[in-house]
Amino acid sequence: PLRPGLWLGALLEDLSQALPVEDQDYYLQEIINRDHYYSYPGPDEEFSPFTEQPGQEETAPVAEAEEPPRFRSGKKELKQKKGNKKEKSILEILPDGDYESRRAYEDVRESCPPLGLETLKITDFQLHASTVKRYGLGAHRGRLNIQAGVNENDFYDGAWCAGRNDPYQWIEVDARRLTKFTGIITQGRNSLWLSDWVTSYKVMVSNDSHAWITVKNGSGDMIFEGNSEKEIPVLNELPVPIVARYIRINPRSWYEEGSICMRLEILGCPLPDPNNYYHRRNEMTTTDDLDFKHHNYKEMRQLMKVVNEMCPNITRIYNIGKSHQGLKLYAVEISDNPGEHEVGEPEFRYIAGAHGNEVLGRELMLLLMQFMCQEYLAGNPRITHLIEDTRIHLLPSVNPDGYEMAYEVGSELGGWSLGRWTQDGIDINNNFPDLNTMLWEAEDRKRFQRKVPNHHIPIPEWYLSENATVAVETRAVIAWMEKNPFVLGGNLQGGELVVAYPYDMVRSTWKTQEHTPTPDDHVFRWLAYSYASTHRLMTDARRRVCHTEDFQKEDGTVNGASWHTVAGSINDFSYLHTNCFELSIYVGCDKYPHESELPEEWENNRESLIVFMEQVHRGIKGLVRDLSGKGIPNAIISVEGVNHDIRTASDGDYWRLLNPGDYVVTAKAEGYTSSTKNCAVGYDMGATQCDFTISKTNLARIKEIMEKFGKQPISLSIRRRRQRARQRRQRR
């Protein structure tokens, strides 16, 4: 009988032969063509993965005696010095006669980006390790900045951890094509309870995964300095770039009270391979001529100015306030009449950068304003229609102070949290008043329910005091939200790939996760799905989870409170204090993707960004006027069966987001009689017009007449008391 390993190999070969070549799975071919990674000698055996075997001697590229170039973190992406004479030795490891690879190498001179462990471009099938402690600490978890689950002993732990603590362990990345490797970034294990990290390691490369070359420093193996704690990323450049397909990291020492655990990213430039169908099929390109780079504060302002100069008739730059460090919070308005609210035209907003280190949303906003300007000038009917019928506001950076901190160290080197908070240490996204508790307590005590409305709940006095822990950026955003009649909004965040809708806070005080829907839950679900379903990856069932959560059961959407409870979120505040329905859109697993990733991230999100804006025209809209045709501000619009009202803007116009269906809608205002009518919402894009004309009550008319003639209206209760007093005097 066949041994298990031979039986499996024979079975796989039979399966592969039964399929046409073009239908054979890439990973199946990988399994067939490679030896099993876990069949390696133990530490007591004579052979180790670092010992050269007879007949397998290879000459490694040797660095010169001078000190190798150091990485200089600056205000740009990961930079490396241009090629020099030392790089000639790299060509020594290329096969003889492989002139195409040599020519390709010579053409690749730019600084090399990350291969994509953090962004998931590198699949789990491309990561291998000598041993693993358990599945949740397997090689597939050895990705830079990956976060552990709440229960660290489950499938989602925070690093690759070796099964044994000895110098024979390794983690390997298969680039699947010749790649010019230039550096390695490492972290320790993400854990609340344990301290595990590697303090030094060797690097090895190979073209076939069998014969390995150890990176040298002069005549000996080079030992790279690792981490001194578990969260701050550490970059090490190779003394000279090396071209190979596989790269291994071999830990040599680790924290004495911990274990061998690593998270990493590899820097490398894949060499051109036009004959490889697999790579050509998966390459993403964009035809949009946009400025794909990371912009610091000065560059962001300059880009806004360029857009405004290109499209002065539809754009306006303004600021809503200043940051703690005094940087202005700039916004761009896009409308056919910038600077003014048009009666009957809804207002939409995108916010980004509340967490300063989540920079992808910021860059998507800058790309979006460029794109809309270009498409408007080109006569794109879809974009033209959107601009003419909507007043759009883009606020790219709510926390510019935090962004500048993250930008200083650059992509990949800021860790998970550097720059997240404001300069005074506040998380803007959760810094808004907690109005949920006020509403729910009033609902639980029915006699107090009238004192707390189901909408436009006032901000508590303690929050408005100077001593309250409220960021100046948060106060600026609140003032901006109150000034403009926003109907729909999205705040772009990073570190995940999902759309979260309110409520974000659980109603049960003793729970940390609980589905907590709003009265408009069906509308919010649709809004979330409209973005997720048009994103290139969010609803892809084959997509690997970013960290620990699998959101595919709800098609890339999640109720915020069922994910993790947050008090004082911008979404809940916007819903309960204003008319605006706000959602959190997590646009990517990598909070700070490398500049080279921006074109693909733009393609992933472009259609979603536009589709979500178009949803502002779904539901009903109209004017509430008096008998003379004058708009009535602050009138209440109620929908039967939905315990959440909205109010009209200063001109009496309103917009109420609703899903398709028939609704009984009532308009009422203080001093006016109410009016009710049936309004039908169809499936076609475009809100249904539903206007109301309401008349003043008799009491309001009497008050108006008496005020006109200089007499104060007398309340009925006072009048009755005076009449009874006269009657008692007459009886005497």
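Only heavy atoms go into these numbers, but all of them, side chains included; no hydrogens, no water, no symmetry mates.
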Enquirer: Give the ring-plane orientation class for W197 versus Y255, where under 30° counts as parallel, over 60° as perpendicular and anything between as tilted.
Expert: parallel
Enquirer: Do the side chain of T286 and the main chain of D288 share a donor and acceptor less than 3.5 angstrom apart?
Expert: yes
Enquirer: List the atom of P241, the atom of T182, and the distance in Å for their closest heavy-atom pair.
Expert: CB-CG2, 4.0 Å
Enquirer: Checking the side chain of T199 only, and the main-chain atoms of S253 only, is there a donor and an acceptor separated by less than 3.5 Å?
Expert: yes
Enquirer: Can you tell if the side chain of V198 reaches within under 4.5 Å of the side chain of I249, non-hydrogen atoms only?
Expert: no
Enquirer: Is there a side chain to side chain contact (heavy atoms under 4.5 Å, CB included) between L117 and L127? Walk through the geometry before answering.
Expert: CA-CA 9 Å; L117 276 78; L127 300 174; 4.0 Å; yes
Enquirer: Between the side chain of N165 and the main-chain N/O of I260, is any donor-acceptor distance below 3.5 Å?
Expert: yes
Enquirer: Would you find a donor on one side and an acceptor on the other, under 3.5 Å apart, between the side chain of Q552 and the backbone of M538?
Expert: yes
Enquirer: Specify the closest pair of heavy atoms between T548 and A148, including all atoms of both residues, with the distance to one decimal.
Expert: CG2-C, 3.6 Å
Enquirer: Taking all non-hydrogen atoms of both residues into account, name the closest pair between L115 and E265 and its distance.
Expert: N-OE2, 3.5 Å
Enquirer: Strictly distance-based, threshold 3.5 Å: is any side-chain N or O of E172 a donor or acceptor partner for the main-chain N or O of I247?
Expert: no
Enquirer: Which atom names give the shortest non-hydrogen contact between A406 and G356, and what distance separates them?
Expert: CB-O, 4.4 Å
Enquirer: With distance as the sole criterion, is a donor-acceptor pair present between the side chains of T539 and S533 under 3.5 Å?
Expert: no
Enquirer: Side chain of Q187, backbone of E231: donor and acceptor closer than 3.5 Å?
Expert: yes
Enquirer: Could you give the distance from CG (L137) to OG (S191), rounded to the nearest 0.5 Å?
Expert: 9.5 Å
Enquirer: Aromatic rings Y592 and Y403: how do their planes relate, parallel, tilted or perpendicular, breaks at 30° and 60°?
Expert: parallel
Enquirer: Within the structure provided, determine whether L413 and L235 are in side-chain contact (heavy-atom separation under 4.5 Å).
Expert: yes
Enquirer: Could you tell me whether a side-chain N or O of S608 sits under 3.5 Å from a main-chain N or O of Y531, the two making a donor and an acceptor?
Expert: yes
Enquirer: For a quick check under 3.5 Å, do H535 and N605 share a side-chain donor-acceptor pair by atom type?
Expert: yes
Enquirer: Looking at R143 and D124, does any basic side-chain N land under 4.0 Å from a carboxylate oxygen?
Expert: yes
Enquirer: Are the side chains of E358 and N399 in contact, using a 4.5 Å heavy-atom criterion?
Expert: no
Enquirer: State whether a side-chain donor-acceptor pair under 3.5 Å links T557 with D555.
Expert: no
Enquirer: Do you know which two heavy atoms are closest between L418 and G414, and how far apart they sit?
Expert: CB-O, 3.0 Å
Enquirer: Backbone N or O of P251 within a donor-acceptor pair of the Q169 side chain at under 3.5 Å?
Expert: no
Enquirer: If I take atom NE2 from residue H294 and atom CD from residue E595, how far apart are they, to the nearest 0.5 angstrom?
Expert: 6.0 Å
Enquirer: I'd like to know if K121 and E597 make a salt bridge, using a cut-off of under 4.0 Å between side-chain N and carboxylate O.
Expert: yes
Enquirer: Atom CD of E237 and atom CD1 of I185: how far apart are they, to the nearest 0.5 Å?
Expert: 10.0 Å
Enquirer: Between the main-chain N or O of Q147 and the side-chain N or O of H547, is there a donor-acceptor pair closer than 3.5 Å?
Expert: yes
Enquirer: Would you please test E118 and R263 for salt bridge (Lys or Arg N to Asp or Glu O under 4.0 Å) and show each step?
Expert: CA-CA 9 Å; E118 184 175 7; R263 292 176 288 167; over 6 Å; no
Enquirer: Is any side-chain heavy atom of R245 closer than 4.5 Å to a side-chain heavy atom of D174?
Expert: yes
Enquirer: Students often mix this up, so state it plainly: with edges at 30° and 60°, are the rings of F224 and Y201 parallel, tilted or perpendicular?
Expert: parallel
Enquirer: Just so I know, are the side chains of L366 and H295 near enough to count as touching, which here means a heavy-atom distance under 4.5 Å?
Expert: yes
Enquirer: Under a 4.0 Å threshold between the charged nitrogen and the carboxylate oxygen, would K293 count as salt-bridged to D291?
Expert: no
Enquirer: Test salt bridge (Lys or Arg N to Asp or Glu O under 4.0 Å) on D166 and R164 and set out the steps.
Expert: CA-CA 6 Å; D166 60 44; R164 298 194 298 266; 3.2 Å; yes
Enquirer: What do you reckon, is CD1 of I232 surrounded by more than 12 foreign heavy atoms closer than 6.0 Å?
Expert: no
Enquirer: Closest heavy-atom contact between P167 and N250?
Expert: O-ND2, 3.0 Å
Enquirer: With a 4.5 Å cut-off on side-chain heavy atoms, are P239 and M222 touching?
Expert: yes
Enquirer: Could you grab the distance from atom CG of D196 to atom OG of S259, nearest 0.5 Å is fine?
Expert: 4.5 Å
Enquirer: Decide yes or no on side chain to side chain contact (heavy atoms under 4.5 Å, CB included) for L264 and I171, but give the supporting numbers first.
Expert: CA-CA 10 Å; L264 69 152; I171 182 170; 3.8 Å; yes
Enquirer: Could you check if a side-chain atom of L368 sits within less than 4.5 angstrom of a side-chain atom of W602, using non-hydrogen atoms only?
Expert: yes
Enquirer: Is there a donor-acceptor contact under 3.5 Å from the side chain of N227 to the main chain of K230?
Expert: no
Enquirer: Step through it carefully: locate the ring centre of F125, locate the ring centre of H140, and say whether they are under 6.0 Å apart.
Expert: no
Enquirer: Does the structure place the NZ or CZ of R141 under 6.0 Å from the centre of the six-membered ring of W160, at an angle of no more than 45° from the ring's axis?
Expert: no
Enquirer: Nearest 0.5 angstrom please: T119 OG1 to E412 CD, how far?
Expert: 8.0 Å
Enquirer: Pair N296, E404 - check side-chain hydrogen bond (donor to acceptor under 3.5 Å, both in side chains), show working.
Expert: CA-CA 7 Å; N296 62 18; E404 292 301 307; 5.4 Å; no
Enquirer: Please determine if K133 and D157 form a salt bridge, counting it only when a charged side-chain N lies under 4.0 Å from a carboxylate O.
Expert: no
Enquirer: Run the side chain to side chain contact (heavy atoms under 4.5 Å, CB included) check on V498 and E549 step by step: do they pass?
Expert: CA-CA 10 Å; V498 68; E549 302 286 345; over 6 Å; no
Enquirer: Check whether more than 12 heavy atoms from other residues, nucleotides or ligands sit under 6.0 Å from atom CD of E607, and answer yes or no.
Expert: yes
Enquirer: Rounded to the nearest 0.5 Å, what's the gap from SG on C546 to OH on Y586? Could you check?
Expert: 12.0 Å
Enquirer: Do T179 and L271 make a side-chain contact, defined as non-hydrogen atoms from C-beta onward lying under 4.5 Å apart?
Expert: no
Enquirer: Using the side chain to side chain contact (heavy atoms under 4.5 Å, CB included) rule, take M204 and I213 through it: C-alpha gap first, then chi angles, then the decisive distance, then the call.
Expert: CA-CA 5 Å; M204 310 170 73; I213 301 170; over 6 Å; no
